[in-house]
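Chain naming here is simple, since letters A, B, ... match the order of the sequence lines and numbering starts at 1 in each.
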2 protein chains.
Amino acid sequence: MAKQTITIYDVAREAGVSMATVSRVVNGNPNVKPVTRKKVNEVIERLDYHPNAVARGLASKRSTTIGVILPDITQMFFASLARGIDDIASMYKYNIILENSDEDVDKKVEVLENLQAKQVDGIIYMGNAVDDRLREAFKAARTPVVFAGSVDDKNTLPSVSIDNKAAVYEAVNKLIDNKNKKIAFISGPLSEPVNGKFRLEGYRLALSEAKVDYDENLVFETSNTYEDGVKLASEIASTTGVTAAFVANDSLAVGLLNGLQDLGVKVPEDFEIISSNNTSLTKMVRPQISSIGHPMYDTGAVAMRLLTKLMNKEEVEERNITLPFDMVFRQSTK
Amino acid sequence: MAKQTITIYDVAREAGVSMATVSRVVNGNPNVKPVTRKKVNEVIERLDYHPNAVARGLASKRSTTIGVILPDITQMFFASLARGIDDIASMYKYNIILENSDEDVDKKVEVLENLQAKQVDGIIYMGNAVDDRLREAFKAARTPVVFAGSVDDKNTLPSVSIDNKAAVYEAVNKLIDNKNKKIAFISGPLSEPVNGKFRLEGYRLALSEAKVDYDENLVFETSNTYEDGVKLASEIASTTGVTAAFVANDSLAVGLLNGLQDLGVKVPEDFEIISSNNTSLTKMVRPQISSIGHPMYDTGAVAMRLLTKLMNKEEVEERNITLPFDMVFRQSTK
DNA sequence: CTGTTAGCGCGTTCAC
DNA sequence: GTGAACGCGCTAACAG
């Protein structure tokens with residue numbers, strides 16, 4: 001038998017109370033006499049009543065749903081953050097609407113409008129590029145937005161991330177300590193602040209402190225894919241004197257690693273690599289890759305926690321949270 | 001200035017028409033005079049009006065949102081399916097609410113109720129175990145459910161997946177052709193039908209056709225993690241005579257591969273491996289792993305397409321769709 | 001502590 | 001073609 005949707009009104013009638021009272025017990029409002037509460041709960045159970053979240057959303061203007069915008073869920077980095085977000089969201093009874101943006105500006109704006117139409121209570125944004133149009137849209141949104149895994153360099157939107165500059169600085173320092181004279185910087189699009197600004201700054205700082213001249217021919221801009229890492233290998237191998245690289249993405253680093261090894265370059269003897277993020281990939285390949293330990297799950301979790309506070313209009317001491325990272329040295333460095 | 005939510009009523013007033021007319025143009029109802037339509041559209045644009053999806057959902061009883069239940073989004077297999085689902089969902093203007101179930105029965109049921117409360121129009125379920133309680137809940141749901149990447153062995157719920165039995169049969173046949181006499185079957189929980197039923201059946205069929213006795217000591221049940229693959233290596237290596245394995249999961253296979261190699265076992269010379277799913281991992285490790293090519297993205301996409309038909313109450317010729325797979329032979333087999 | 005009464009923003013008959 | 005009116009299921013004052 002098709003289950004007729006049973007409403008709060010049915011429960012009220014059956015329990016001999018008003019729908020307001022039913023609403024109160026459903027929402028845990030303390031102003032209900034225990035006896036009444038018990039009676040209502042019995043009816044709720046008997047009728048198998050389940051509140052309609054949509055109607056609730058319309059009436060209360062809160063959907064208990066948040067939107068998550070990320071470039072691509074199949075990238076381990078984002079999937080890990082998403083998992084952290086979802087766990088905390090569930091804890092606070094929020095649901096998550098996922099939107100893949102492919103780092104496409106039009107799509108991001110479209111997706112944002114979509115999320116707003118659905119009346120999400122908050123948004124978590126992941127991704128590295130934020131163009132002005134999107135930034136405007138975020139500011140115009142009457143819903144809180146938190147950046148996870150990156151920061152908006154142009155703005156002070158709330159965010160949770162690591163100090164990428166410091167992380168790369170440490171990584172490159174390690175490479176310098178290991179007597180490498182020419183160290184490559186390999187990353188995805190430099191147009192993304194995390195690469196073109198923060199990480200590159202860390203790289204340059206480490207070099208300058210070591211009195212090594214910055215050589216832009218050692219900066220390689222590509223995509224964050226395994227395939228491009230493989231392709232890049234021959235170019236790297238033929239760049240005279242380069243004996244080490246910081247690589248901003250694990251998949252990319254694995255591609256480079258395999259590509260180099262296929263060319264007969266020994267890692268770490270002839271070439272050292274430090275990657276970023278420390279996803280599970282880094283320990284699955286041989287040699288295992290040294291990496292910047294990015295607390296991905298925690299980044300998502302903390303971002304979500306921050307968002308709950310913002311949605312709840314609580315005072316937050318710090319809207320831009322920097323999480324600690326660590327360096328995990330494995331076999332791709334000496 | 002805080003954007004006051006502007007409603008269909010505001011548009012009606014500004015345009016000098018009734019809200020019914022505005023509703024008609026917003027929903028593309030043809031019964032509107034072109035002039036009127038144009039006027040309304042202008043006002044909509046001028047006022048930057050965006051329909052409230054929640055109110056729409058209440059009134060129409062359709063949320064244009066679907067629920068996706070999966071074990072863990074950080075597992076590449078599920079992330080790939082999710083990506084396929086999302087792309088098709090977007091195409092049909094649906095949004096996705098993601099729920100991680102961790103293959104936990106209580107959580108699954110809870111998550112299902114949650115989704116129903118949110119009035120999702122349909123559900124895509126991924127996961128390998130379906131217990132009776134969940135099955136009942138699915139059947140009681142007045143919303144269509146499609147299985148993606150697995151089938152419900154006990155039922156005829158709509159599904160999209162590959163023929164795992166046939167796939168494993170082919171894989172094991174290859175190993176048999178390569179003169180392996182003792183071939184291990186390694187998978188996650190055998191309680192999951194995909195392992196304990198379909199895959200194992202394929203394995204046994206291949207063996208029996210080759211007149212090889214089935215030896216349950218060669219069936220290894222573990223979890224689908226890299227770490228457990230590594231741990232399993234020594235056990236496998238010390239099992240006399242085993243020279244090959246079918247491994248039901250790529251991460252697990254990589255763990256085994258690395259574990260074996262660390263023990264000095266040469267792959268594929270001393271030991272051959274064929275894994276399942278052909279995620280990107282298989283070509284990142286050395287030797288690259290031969291694998292059953294599972295059309296993950298397509299599985300998600302087709303499942304979502306099927307769901308749209310079901311939600312639309314269209315007639316579907318086949319509710320249980322089997323997608324083709326292929327065998328990708330790489331360096332872990334001779 | 002409990003009931004009444006308004007909406008929330010929109011889709012949808014039904015008349016005109 | 002278009003508008004008036006009702007209702008979707010629930011929350012939130014406001015009385016009492």
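If you check every strand for non-hydrogen atoms under 4.0 Å, Val54(B) touches nothing. Base engagement by Asn31(A) is indicated by at least one non-hydrogen atom pair under 4.0 Å involving a base atom.
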Identify each donor-acceptor pair in which a side-chain atom of residues 297-304 of chain B lies under 3.5 Å from a protein atom, sequence neighbours left out, and give them as a table.
unit_1    : atom_1 : unit_2    : atom_2 : d
Tyr297(B) : OH     : Asp87(B)  : OD2    : 2.5
Thr299(B) : OG1    : Pro295(B) : O      : 2.7

Output side-chain donor-acceptor pairs under 3.5 Å for residues 17-26 of chain A, partner residues at least two apart or in another chain, one line each.
unit_1   : atom_1 : unit_2   : atom_2 : d
Ser18(A) : OG     : Ala20(A) : N      : 3.3
Ser18(A) : OG     : Thr21(A) : N      : 3.4
Ser23(A) : OG     : Asn27(A) : ND2    : 3.3

Can you give each donor-acceptor pair under 3.5 Å made by side-chain atoms of residues 74-81 of chain A, sequence neighbours left out, with the distance rounded to 0.1 Å?
unit_1   : atom_1 : unit_2   : atom_2 : d
Thr74(A) : OG1    : Asp72(A) : OD1    : 3.0
Thr74(A) : OG1    : Asp72(A) : OD2    : 2.8
Ser80(A) : OG     : Met76(A) : O      : 3.0

Please output the side-chain donor-acceptor pairs of residues 28-38 of chain B that fall under 3.5 Å, not counting sequence neighbours, one pair per line with the distance.
unit_1   : atom_1 : unit_2   : atom_2 : d
Asn29(B) : OD1    : Asn31(B) : N      : 2.8
Arg37(B) : NH2    : Asn29(B) : O      : 3.0
Lys38(B) : NZ     : Glu42(B) : OE2    : 3.2

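One can place NE2 of His50(B) at 20 Å from P of dC8(C), the figure rounded to the nearest angstrom. The separation between Ile6(A) atom CD1 and dC8(D) atom C1' is 15 Å, rounded to whole Å. Protein atom CD of Gln119(A) is 16 Å distant from nucleotide atom C1' of dG9(D), rounded to whole Å. Between the P atom of dC10(C) and the CZ atom of Arg13(B) lies a distance of 13 Å, rounded to the nearest Å. Atom C1' of nucleotide dT2(D) and atom NZ of Lys39(B) are separated by 11 Å, given to the nearest angstrom. Note: CD1 (Ile44(A)) to C1' (dC10(D)) measures 13 Å, nearest angstrom.
Applying the 4.0 Å criterion to OP1 and OP2 of dT2(D), one finds that Thr21(B) has every side-chain N and O outside that range. For the pair Lys61(A) and dG9(C), the criterion of a side-chain N or O lying under 4.0 Å from OP1 or OP2 is met. Residue Ser18(B) places at least one side-chain N or O closer than 4.0 Å to OP1 or OP2 of dG3(D).
At distances below 3.5 Å, at least one donor-acceptor pair connects side-chain atoms of Lys118(A) with backbone N or O atoms of Thr64(B).
Within the structure, ring-ring contact (aromatic ring centres under 6.0 Å, His included) contacts touching residues 5-46 of chain A (residues at least two apart or in different chains) do not occur.
Residues passing the side-chain hydrogen bond (donor to acceptor under 3.5 Å, both in side chains) test with Arg135(B), sequence neighbours excluded: Asp132(B), Asp152(B). Under the side-chain hydrogen bond (donor to acceptor under 3.5 Å, both in side chains) criterion, Ser159(A) pairs with Asn320(A), not counting sequence neighbours.
Salt-bridge annotation for Glu315(A) and Lys309(A): absent, with no side-chain N of the basic residue lying under 4.0 Å from a carboxylate O of the acidic one.
In the helix from dC1(C)-dG16(D) to dC16(C)-dG1(D), the terminal helix axes, each the rotation mapping four pairs' C1' atoms onto the next four within five end pairs, subtend 30°, rounded to 10°.
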Listed pairs, N/O of protein and of nucleotides 11-13 of chain C, under 3.5 Å:
unit_1  : atom_1 : unit_2   : atom_2 : d
dG11(C) : OP1    : Asn27(B) : OD1    : 3.4
dG11(C) : OP1    : Asn27(B) : ND2    : 3.2
dG11(C) : OP1    : Arg56(B) : NH1    : 3.1
dG11(C) : OP2    : Ser23(B) : OG     : 2.8
dG11(C) : OP2    : Asn27(B) : ND2    : 3.4

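Both Leu58(A) and Arg37(B) lie close to DNA chain D; mapped to their nearest nucleotides by heavy-atom distance, the more 5′-ward contact belongs to Arg37(B).
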